[in-house]
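The structure displayed is predicted, hence computed values, not measured ones.
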Amino acid sequence: MTMYADEVLSDFDDDGTMPENVDELRKAVVGHRIVKAEAGVKTTDKWGYRVTAPLVLTLDNGKRVELRNTDDCCAYTELESFLLHPDRVDHIITGVGTTDGYTTWHIYADMGDVLELSVGWSSGNPFYYAYGFDISVTELTDGEQLRESTYGAPRVVSADITVS
């Protein structure tokens, strides 16, 4: 079931990077549930440039999907905000779609959007510079495990808790 039609941009706006980026995210999350979504804090590096930790989606299969902002001269892709719908996180993700020229991304299930992403992006000087999220998939660390919650969906639990 596709809730959002595939967007088609002109060859002057995108060289296929954005649809490929959506496909990469789709392959990582479809068939799973999001058990945790965390956004990093914006900081600056020693040269004064903005550095943002990735958006990290922890899935029910023990994998983490990280979406890192990218920027290369005048081309960039940046997560501006996200909205998680807690009432829908117990539903299996069935797809990823976009609207508004790839500025709104939708991770959805049978009951609607589970997570919405507001994305700023530009191909810059087409297509000399790199853009698109840097997406990586990793396993949970040794100090973490998934456990069933009261509501049935697994939740991430950290084993490294310090009590003082």
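Residue Ile92 comes nearest to Asp60 through the heavy atom pair CD1-OD2, 4.4 Å, listed as atom of the first residue, atom of the second, then distance. Closest approach of Leu59 to Ala28, counting heavy atoms only: CD1-O, 3.3 Å. Looking at every heavy atom in both residues, His32 comes nearest to Asn61 through CE1-ND2, 3.2 Å. Considering every non-hydrogen atom in both Gly97 and Tyr108, the closest pair reads N-CE2, 3.8 Å. Nearest approach of Arg33 to His91, heavy atoms of both residues: CG-O, 3.7 Å. The two residues Thr98 and Val22 have their closest heavy-atom pair at CG2-CG2, 3.5 Å.
In this structure, CD1 in Ile135 is found 9.5 Å from CG in Leu57, a value given to the nearest 0.5 Å. For the atom pair CG (Asp90) and CE (Met111), the distance works out to 11.5 Å, reported to the nearest 0.5 Å. Rounded to the nearest 0.5 angstrom, Ile107 CD1 and Arg88 CZ are separated by 13.5 Å. The distance from the CD atom of Glu38 to the CG atom of Leu84 is 11.5 Å, given to the nearest 0.5 Å.
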Run the side-chain contact (heavy atoms from CB on, under 4.5 Å) check on Leu115 and Ile93 step by step: do they pass? CA-CA 10 Å; Leu115 180 68; Ile93 296 167; over 6 Å; no

Checking side-chain contact (heavy atoms from CB on, under 4.5 Å) for the pair Leu67/Leu79: CA distance, chi angles, key distance, verdict? CA-CA 8 Å; Leu67 281 82; Leu79 177 65; over 6 Å; no

Can you list the steps and then say if Val65 with Leu25 is a side-chain contact (heavy atoms from CB on, under 4.5 Å)? CA-CA 8 Å; Val65 179; Leu25 180 59; 4.0 Å; yes

Show me the side-chain donor-acceptor pairs of residues 118-133 shorter than 3.5 Å, one per line, residues at least two apart or across chains.
{"residue": "Ser118", "atom": "OG", "partner": "Ser81", "partner atom": "OG", "Å": "3.4"}
{"residue": "Trp121", "atom": "NE1", "partner": "Gly101", "partner atom": "O", "Å": "2.9"}
{"residue": "Ser122", "atom": "OG", "partner": "Gly124", "partner atom": "N", "Å": "3.0"}
{"residue": "Ser123", "atom": "OG", "partner": "Asp13", "partner atom": "O", "Å": "3.2"}
{"residue": "Tyr131", "atom": "OH", "partner": "Asp14", "partner atom": "OD1", "Å": "2.6"}
{"residue": "Tyr131", "atom": "OH", "partner": "Asp15", "partner atom": "N", "Å": "3.2"}
{"residue": "Tyr131", "atom": "OH", "partner": "Asp15", "partner atom": "OD1", "Å": "2.9"}

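Other residues, nucleotides and ligands contribute more than 12 heavy atoms inside 6.0 Å of the CG atom of Asp87. Within 6.0 Å of CG on Asp100 lie more than 12 heavy atoms contributed by other residues, nucleotides or ligands.
Under a hydrophobic clustering in which Ile, Leu, Val, Met, Phe, Trp and Tyr are joined whenever their side-chain heavy atoms come within less than 4.5 Å, directly or via other members, Val56 and Trp105 fall into different clusters.
A donor atom on one side chain and an acceptor atom on the other are found under 3.5 Å apart for His106 and Asp113.
Between Asn21 and Tyr102, every side-chain heavy-atom pair lies at or beyond the 4.5 Å cut-off.
Listed by first then second residue, pairs satisfying salt bridge (Lys or Arg N to Asp or Glu O under 4.0 Å) with a partner in residues 124-139 read Lys63-Glu139, not counting sequence neighbours.
Ion pairing between Glu66 and Arg64 fails under the 4.0 Å rule for side-chain N and carboxylate O.
In the hydrophobic clustering, Val8 connects to no other residue, as no ILVMFWY side-chain heavy atoms lie under 4.5 Å from its own.
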